[in-house]
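Below is one structure, written out as structure tokens, with a few remarks after it.
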Protein chains: 2
Amino acid sequence: MSDPALACCTPLSGTAMSAEQAEQVAPLLKALADPVRLRLMSLIASSASGEACVCDLNDAFDLTQATISHHLKVLHSAGLLDREKRGVWVYYAVRPAALRAVAGLFETAVPA
Amino acid sequence: MSDPALACCTPLSGTAMSAEQAEQVAPLLKALADPVRLRLMSLIASSASGEACVCDLNDAFDLTQATISHHLKVLHSAGLLDREKRGVWVYYAVRPAALRAVAGLFETAVPA
DNA sequence: GGATGACATAGACAGGCGTCGATGTCTGAA
DNA sequence: TTCAGACATCGACGCCTGTCTATGTCATCC
């Protein structure tokens, strides 16, 4: 798979989604469907600079550094996070396109 | 838990979500994070009457009736589907409030 | 009452997932 | 060169999940 985050924008309502579309979007939801990963995404997305250092993320949880690293890898592999190494530190940033793909599932399904 | 679908509306960006909020929303995403369940939701949401009979849903998949029943139970337990028995048939309908809770995660995160 | 059909439940199996401790890799400083 | 720190990877463990077959429950029709 090249870029999972390219799955896009077939809302739940309207016309039924195809099996292929479901197979594309499900991994994104699966990556988000964990409390720790949700908080990781939230922490990164809500940081002032739009990115966060792994060292800071580790401190926010009562989990091993290996576990946090694993969750970040899952989010990165799903295409939800960008990874950039700067010196000794590694910074993760959310990929808006990926979030938009997931949001597309619900937008017309839930008219305000 | 009484009603999982009551978890609501803390977007990913903005301020970081609490551990409790993450624990509330994650089960909703986990219920949706499966290709079969995504298609089930889509089929039900996109049907003209807003609901669907299990007999029709079974035909849309190459899976056992027991497996479809299992997936419907997962979605129902998560609060994403309403269940109503009418005579011999059982109809499922999407709960807009539950979908709205999930959509709230992404709305401000993705300004149009 | 008995048969049939729609749906749920139970039990079993393989595979995936979250977590950990231990170890590896790379960078910057002494 | 050596050391220390930041992060990733490995291997292992228990648990959860998706699927199946078999069986149960309930409503309808004869």
Side-chain angles (χ1 to χ4, degrees), chain A residues 1 4 19 22-44 47 49 51-78 80-93, chain B residues 1 4 19 22-44 47 49 51-78 80-93:
Chain A
M1 70 205 94
E23 301 275 356
Q24 276 190 321
V25 184
L28 291 179
L29 289 171
K30 190 167 292 188
L32 288 171
D34 179 276
V36 174
R37 291 200 287 268
L38 265 183
R39 286 183 63 202
L40 281 170
M41 289 291 292
S42 173
L43 280 171
I44 298 172
S47 73
S49 55
E51 59 182 11
C53 172
V54 177
C55 55
D56 295 330
L57 296 174
N58 277 330
D59 297 345
F61 296 86
D62 212 26
L63 293 170
T64 307
Q65 172 261 329
T67 299
I68 299 298
S69 185
H70 162 72
H71 284 304
L72 288 170
K73 180 179 183 174
V74 170
L75 291 169
H76 177 60
S77 300
L80 289 162
L81 287 182
D82 271 330
R83 197 184 101 99
E84 187 185 357
K85 183 162 188 174
R86 289 207 287 273
V88 185
W89 295 282
V90 174
Y91 290 82
Y92 283 91
Chain B
M1 69 203 93
E23 300 275 355
Q24 276 189 320
V25 185
L28 292 179
L29 289 171
K30 191 166 291 190
L32 288 172
D34 180 277
V36 174
R37 291 199 287 269
L38 265 184
R39 287 183 62 202
L40 282 171
M41 290 291 292
S42 173
L43 282 171
I44 298 172
S47 73
S49 55
E51 61 183 10
C53 172
V54 177
C55 53
D56 294 330
L57 296 174
N58 278 330
D59 297 346
F61 296 86
D62 212 25
L63 292 170
T64 308
Q65 173 263 329
T67 299
I68 299 298
S69 184
H70 161 71
H71 284 304
L72 288 170
K73 181 178 183 175
V74 171
L75 290 168
H76 177 60
S77 300
L80 288 162
L81 288 182
D82 272 330
R83 198 183 101 102
E84 188 186 356
K85 182 163 189 173
R86 289 207 288 271
V88 185
W89 294 282
V90 175
Y91 290 81
Y92 283 92

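Keep in mind that the numbers below use all heavy atoms, side chains included, and drop hydrogens, waters and symmetry copies. Just so we're on the same page: letters track the sequence lines, and every chain starts at 1. All values derive from a computational prediction rather than experimental measurement.
- Within residues 51-60 of chain B, no residue is approached by DNA chain D to less than 4.0 Å at the level of any non-hydrogen atom.
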Between the protein and nucleotides 28-30 of chain D, list the N/O to N/O atom pairs that are separated by less than 3.5 angstrom.
none

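- Residue pairs meeting the side-chain hydrogen bond (donor to acceptor under 3.5 Å, both in side chains) criterion with at least one partner in residues 61-73 of chain A, sequence neighbours excluded, are A/R37-A/H71.
- Straight-line distance from the CG atom of B/L40 to the P atom of D/dT19: 10 Å, rounded to whole Å.
- By the side chain to side chain contact (heavy atoms under 4.5 Å, CB included) test, A/A33 pairs with B/L29, B/K30, B/A33, sequence neighbours left out.
- Nucleotides of DNA chain C nearest to A/V74 and A/K85 differ in position, and the one nearer the 5' end is that of A/V74.
- For B/V90, the listed nucleotide lying nearest its side chain is C/dA8; candidates were C/dA8, D/dC26, C/dA6.
- In this model, the phosphate group of C/dA8 is approached by a side-chain N or O of B/R83 to a distance below 4.0 Å at OP1 or OP2.
- Following rounding to the nearest Å, B/L38 (CG) and D/dG18 (C1') show an atom-to-atom distance of 15 Å.
- Remark: B/Q65, B/A66, B/S69 in residues 62-71 of chain B come within less than 4.0 Å of DNA chain C through at least one heavy atom.
- To the nearest angstrom, P of C/dC17 lies 11 Å from NZ of B/K30.
- Side chains of A/L32 and A/L28 form no contact here, defined as non-hydrogen atoms less than 4.5 Å apart.
- Applying the side chain to side chain contact (heavy atoms under 4.5 Å, CB included) test to A/A22 and every residue at least two apart in sequence or in another chain returns A/M17, B/P35, B/L38, B/R39.
- With contacts defined as side-chain heavy-atom distances shorter than 4.5 Å, the pair A/I44/A/L57 qualifies.
- One interatomic measurement links the two molecules: CZ of B/F61 to P of D/dC20, which rounds to 12 Å at whole-angstrom precision.
- Between A/R37 atom CZ and C/dT19 atom C1' there is a gap of 12 Å when expressed in whole angstrom units.
- Rounded to an integer number of Å, the gap from B/L72 CG to D/dG18 P is 13 Å.
- For B/A31, the side chain to side chain contact (heavy atoms under 4.5 Å, CB included) partners are B/V74, B/L75, B/A78, B/L80, not counting sequence neighbours.
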Side-chain donor-acceptor contacts of residues 82-93 of chain B below 3.5 Å, not counting sequence neighbours, with atom names and distances?
{"from": "B/E84", "atom 1": "OE1", "to": "B/R86", "atom 2": "NH1", "distance (Å)": "3.0"}
{"from": "B/E84", "atom 1": "OE2", "to": "B/R86", "atom 2": "NH1", "distance (Å)": "3.4"}
{"from": "B/R86", "atom 1": "NH2", "to": "B/E51", "atom 2": "OE2", "distance (Å)": "2.6"}

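- How far CD1 of B/I68 is from SG of B/C55: 12.5 Å, rounded to the nearest 0.5 Å.
- A/Y92 comes within 4.0 angstrom of the backbone, heavy atoms only, and of no base.
- The separation between A/D34 atom CG and C/dG16 atom C1' is 13 Å, rounded to whole Å.
- Taking atom NZ on A/K73 and atom C1' on C/dC20, their separation rounds to 16 Å, with Å as the unit.
- Nearest heavy atoms, A/H76 versus A/L81: ND1-O, 2.9 Å.
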